[in-house]
Peer 1: 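There's a structure below that I have some questions on.
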Amino acid sequence: MSRDYDHKAIEKKWQKIWAEESVYKVEDTVPGKDNVCVLVELPYPSGNLHVGHWYAFAVPDIFVRFKRMTGHNALYPIGFDAFGLPAENAAIKHAVNPREWTEENIKTMRAQLEAMGNSFDWSRSFATCTPEYYRWNQWIFNRFFERGLVYRKKVPVNWDPIDQTVLANEQVLPDGTAERSGAKVEKKDLDQWMFRITKYAERLLKNLDALSWPESIKELQRTWIGKSEGAEIEFAVVGTEHKINVFTTRPDTLFGVTYMVLAPEHPLVARLSYENKDEVSAYVAAARLKSEIDRTAAGKEKTGVRLQGVMALNPANNQEVPVFIADYVLASYGTGASMAVPAHDERDFAFAKKFNVPIVQVIVPCSDDPINPPKNGLEEIERETIIVFLKNKATGLYALLDWHGSLEGITTGIMGGVEDGQTPEEAVLAEIQEEAAIPDAVVTRKLKWVTAARYCASHKNQNRKAIAHAFLAEIEDLSQQGTIPESEAKTHTLTWVDESKVRDCLVPIHQKMIWDQFKEEKVLTEGGFLMNSGKFNGASSEDAKSRITEFVGGRMATTYKMRDWSISRQRYWGTPIPIVYDPEGTAHPIPDEHLPWLLPTDVDYNPKGTSPLGSSKELFERTERIFGKGWKPEVETMDTFMDSSWYFLRYLDSRNEKEFSSRDKQEQWMPIHTYFGGAEHTTVHLLYSRFFQMALYDLGLVTVEEPYTRRFNRGLIVNEDGSKMSKRTGAVNPDEQVAIVGADAVKMYLAFMGPYGVTGNYPWNPGGVVGVRRFLERVWGLAEKVVEDAREMIEAPLHQTIKKVGEDIEAFKFNTAISQMMIFVNAVEKEGDLGRAQYEVLLRLLAPFAPHITEELWHRLGHTGSIHLEAWPVYNPDRLTSETVTMAVQIDGKTKGTLTVSRGLTEEAVLAAVREDAKLAQYIAKFPSRVVFIPDKVINIVP
RNA sequence: GCCGGGAUGGCGUAAUGGUAGCCGCGCACGACUCAAAAUCGUGUCCCGCAAGGGGUGAGAGUUCGAGUCUCUCUCCCGGCACCA
């Protein structure tokens, strides 16, 4: 497969020349050009490049090269995320030095990356495991420490009792055993250095709204942050000084509390006295042994133990309720304690059923959500009864419109109102009683007319939709005017009442309905109106939340699912945490002047119950030498996510020995124009780095609050059969592919197989690569067909191609951009030859996709400069179109044929052409027509 | 369970509400060849000899016209998941 297109020689030749001539070295400023930094997640130097790396690095390079050709100063940096577990594992397994192992891998990998032919600026590259880099990790740690963003806390870690070591989550198998030793992993509390990321939870959440990222990514982050608004309320423990502080999102259900639950790890469990001490201790011990998965699997049978003799006082109604410990309450969320309302919470309900705790209903469900009405058993619309109220938007008052057993009733029954001598309440109750006489009537009600109408509109019975729409329109008018139409006014009057009156009428019916449901053991988790709640009866859930919280002396509170970030690792191959302990054991940050605080080399990597750094004599001697006798170093290292939280800032100023990244350089490059990465980093890495940027922003060390203007997650390349690439299922070896078809073809095929930035699985199709290679060979072959003068017939396709390729690259639709170039080449081959200028345009369009072959062909045309420094072709809007167009001829919306006519024809002219068409004429002859005419596209002749 | 995103030929995919299936793969036939590969050409959604008809997960709606917009449902993928 080649003709004389020798990809091996060409690629090698140009990569060498590009490097020698520093074609891709990027200056910080270029007069007249905007700076654009395109970021890709820096790779871990595993030592072997796979197709995923190609997809991650080679495809965004198309975008970067395009930006450069369209007049931008585009930076495409690359580095190595070089700390981490694999190096340490290799050290233990093969007795090699982690640094040597890593450096060796970086060397291999850099060569592989260079062979891709990307326009990386290697002059800014670094590895995070060098002191030149990690000293700034330590420096930033110090700044965070000063700012109160660092603290020490006992946190449960995975503990391997055989190897006597802490395990990373990825070293624990799904069944809860250790990957290496096979031991059952336990939880053990260790003091850890923490970053107070939760302090930024609200800002991390709020800023998302303004970011123009894909909504799906933002939504994942929102879920991860997991904001909940509610209240903290204290329950006194009867006969003691102790209080149980709970977080709840439903303070409106406080009167329905029938028991309390503490997490097994809750500090009060140790302090309270209860009769069944042994039983409780056993439960707590068992909970500690359980793996995270065992404990948190949803739908799992509830377990727990009652603290015999301990009672808590419900501050709302002064009732005493029992106290349990149960592992369905998590120590790490909220306050680690929960008030249980079994009538209105699924988990509490299941627990109450099992432990025979009373269930007290305090909410009458009624959704105020106009889109999602409660689904209270309304299976058949014929059986549905709806009370409709009209709300006057001006006054906020309501009038009863109707109460009927069918939808048809609603449309005709704008009647309601109040008869002579009746109060509004009596009017409603009279209607209710009338309705109650209908046997088996299922009752619901909506406070807002919109609800009723929309519900009907969305109901299965589609034939009724039109009725509902008519109703909606009619009611909308009424709401605007606050009156009813004259036709209705003759027979009906509207009397306006406030919302509380309406509610008072309705609560009794709903109680009946709800009790019916309880027989079927349903839990009512939605909001509504209060019952069994003393003076709050009849209040809406929303109102009651704040009123009840205030009544019992609680406070409104917000909780997040996101936890603070533990950065401590009991590992060797990472950044040493810059902390030393004085002889009393107090922690002190290591002053900046002693940074970098070097990672010692005289350590034993083998697991032995403590951090490897603890075995370094040099580290301990160094500490005493600098800080004094009895001072001890911190022996933990930092989480590698620390390295990747700010690395992009270092690219901008990677050789700066005075600053981690100068504001000056940041002004020129930040924020990052586009950040391409894997979907697996949507939450953790992306949130951590946003947190870093925000915290550094508050410290005045960075210039923007949000680091990434745009973020796109790429898809996954899978095997041809759809299986994920792995050692077991096999994987495409990119080096082999490059050897066969060349780097240009591999890169272009990856760009061609589907849209970029849309997560999904894209199967590697060996035939597909060959297809792209064939295309490149055809482009190669066109060199022989070049003539001096432009060929008129391919001018329009050429300009169309310039337009589409440019627009598609900007939108990351590389697949359709390539498709358009193929269309153009097909047209050229049909034509036979092409003008030199036309060929040069094609080569420039293709250059970002296939940098080597286009560079070669460009030089063969006699050019001496690099094609990659050329300007992007500009299309002429006047040349986009050809003289004739093919129009669709439709009869009553069905396409009956096509007609090739000259561009810009009028309706009359096209109609005339249809009449003249032997085949099409028959259709119009039949009926007198109305015509829908879309110039140059379609003519639709309607009977 | 909750939150996102999908569903179009044998496959990857393409279609500002306007001829569904562009482009590529695969396949079939033909040319070149002793032959094969490569290459080139023609064809390739379904039914039908044709005329014609049907077709974008299912059903309905809006529209002159729906893959595209609205609603209901099914299935698939991803994330979260005892979060009070």
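Keep in mind the model is a prediction, meaning the values are calculated, not measured.
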Peer 1: Under a 3.5 Å cut-off for both contacts, is B:C80 paired Watson-Crick or G-U wobble with anything, and if yes, with which nucleotide?
Peer 2: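 Here B:C80 is engaged in a pair, and the nucleotide opposite it is B:G1.
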Peer 1: Do the side-chain N or O atoms of A:Lys896 get closer than 4.0 angstrom to the phosphate oxygens (OP1, OP2) of B:G53?
Peer 2: yes
Peer 1: Can you check the A:Phe752 CZ to B:A14 C1' distance for me, whole Å?
Peer 2: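 Distance, rounded to whole Å: 10 Å.
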Peer 1: Measure from the side-chain heavy atoms of A:Trp224 and tell me the nearest of B:G53, B:A84, B:C80.
Peer 2: B:C80
Peer 1: Determine: side-chain N/O of A:Arg222 to OP1/OP2 of B:C80, distance under 4.0 Å, yes or no.
Peer 2: no
Peer 1: Is there a Watson-Crick or G-U wobble partner for B:G43 with both distances under 3.5 Å, and which nucleotide is it?
Peer 2: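 Pair assignment: B:G43 / B:C27.
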Peer 1: Check whether any side-chain nitrogen or oxygen of A:Asn713 sits under 4.0 Å from OP1 or OP2 of B:G79, and answer yes or no.
Peer 2: no
Peer 1: Starting from the C-alpha separation in whole Å, work towards a yes-or-no answer on salt bridge (Lys or Arg N to Asp or Glu O under 4.0 Å) for A:Lys785 and A:Glu829.
Peer 2: CA-CA 9 Å; A:Lys785 311 255 176 71; A:Glu829 288 186 337; 5.3 Å; no
Peer 1: Would you call A:Ser338 and A:Met260 a side-chain contact if the rule is heavy atoms closer than 4.5 Å?
Peer 2: no
Peer 1: Taking the same atom, C1', in B:G5 and in B:G9, what whole-Å distance lies between them?
Peer 2: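 Pairwise C1' distance, B:G5 against B:G9, rounds to 23 Å.
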Peer 1: Can you see if the side chain of A:Thr895 gets near the phosphate of B:A20 - specifically, an N or O under 4.0 Å from OP1 or OP2?
Peer 2: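 Yes, A:Thr895 has a side-chain N/O under 4.0 Å of OP1/OP2 on B:A20.
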Peer 1: Work out how far the C1' atom of B:U68 is from that of B:G79, and round it to whole angstrom.
Peer 2: 27 Å
Peer 1: I'd like the C1' distance from B:A58 over to B:A7, given in whole Å.
Peer 2: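 Roughly 12 Å separates the two C1' atoms.
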Peer 1: Can you check the distance between B:G1 and B:U8, where both ends of the measurement are the C1' atom (answer in whole Å)?
Peer 2: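 That atom pair is separated by 31 Å.
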Peer 1: Please tell me if A:Ser228 has a side-chain N or O lying less than 4.0 Å from either OP1 or OP2 of B:A84.
Peer 2: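 A:Ser228 to B:A84 OP1/OP2: side-chain N or O found under 4.0 Å.
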Peer 1: The criterion is ring pair (Phe, Tyr, Trp, His ring centres under 6.0 Å); which residues satisfy it with A:Tyr688, sequence neighbours excluded?
Peer 2: A:Trp565, A:Phe641
Peer 1: Can you tell me, in whole Å, how much space there is between the P of B:U19 and that of B:A28?
Peer 2: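 It comes out at 33 Å once rounded to the nearest Å.
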Peer 1: Could you check which of B:A15, B:C82, B:G54 has an atom nearest any side-chain atom of A:Lys813?
Peer 2: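 Comparing B:A15, B:C82, B:G54 against the side chain of A:Lys813, the answer is B:A15.
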Peer 1: Please state the P separation for the pair B:U33 and B:G53 - nearest whole angstrom.
Peer 2: 46 Å
Peer 1: Would you say A:Tyr762 places a side-chain N or O within less than 4.0 Å of OP1 or OP2 belonging to B:G12?
Peer 2: no
Peer 1: Measuring to OP1 and OP2 of B:C83, would you say a side-chain N or O of A:Arg347 lies under 4.0 angstrom away?
Peer 2: yes
Peer 1: Output the single nucleotide from B:C25, B:G79, B:G12 whose closest atom is nearest the side chain of A:Pro763.
Peer 2: B:G12
Peer 1: Taking only heavy atoms on the protein side, list every residue of residues 818-825 of chain A lying under 4.0 Å from any atom of RNA chain B, sorted numerically.
Peer 2: A:Ser819, A:Met822, A:Ile823
Peer 1: Is the shortest side-chain N/O distance from A:Arg774 to OP1 or OP2 of B:U39 below 4.0 Å?
Peer 2: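 It does, given that an N or O in the side chain of A:Arg774 lies less than 4.0 Å from OP1 or OP2 of B:U39.
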Peer 1: B:G79: syn or anti, with syn meaning chi within 90° of zero?
Peer 2: anti
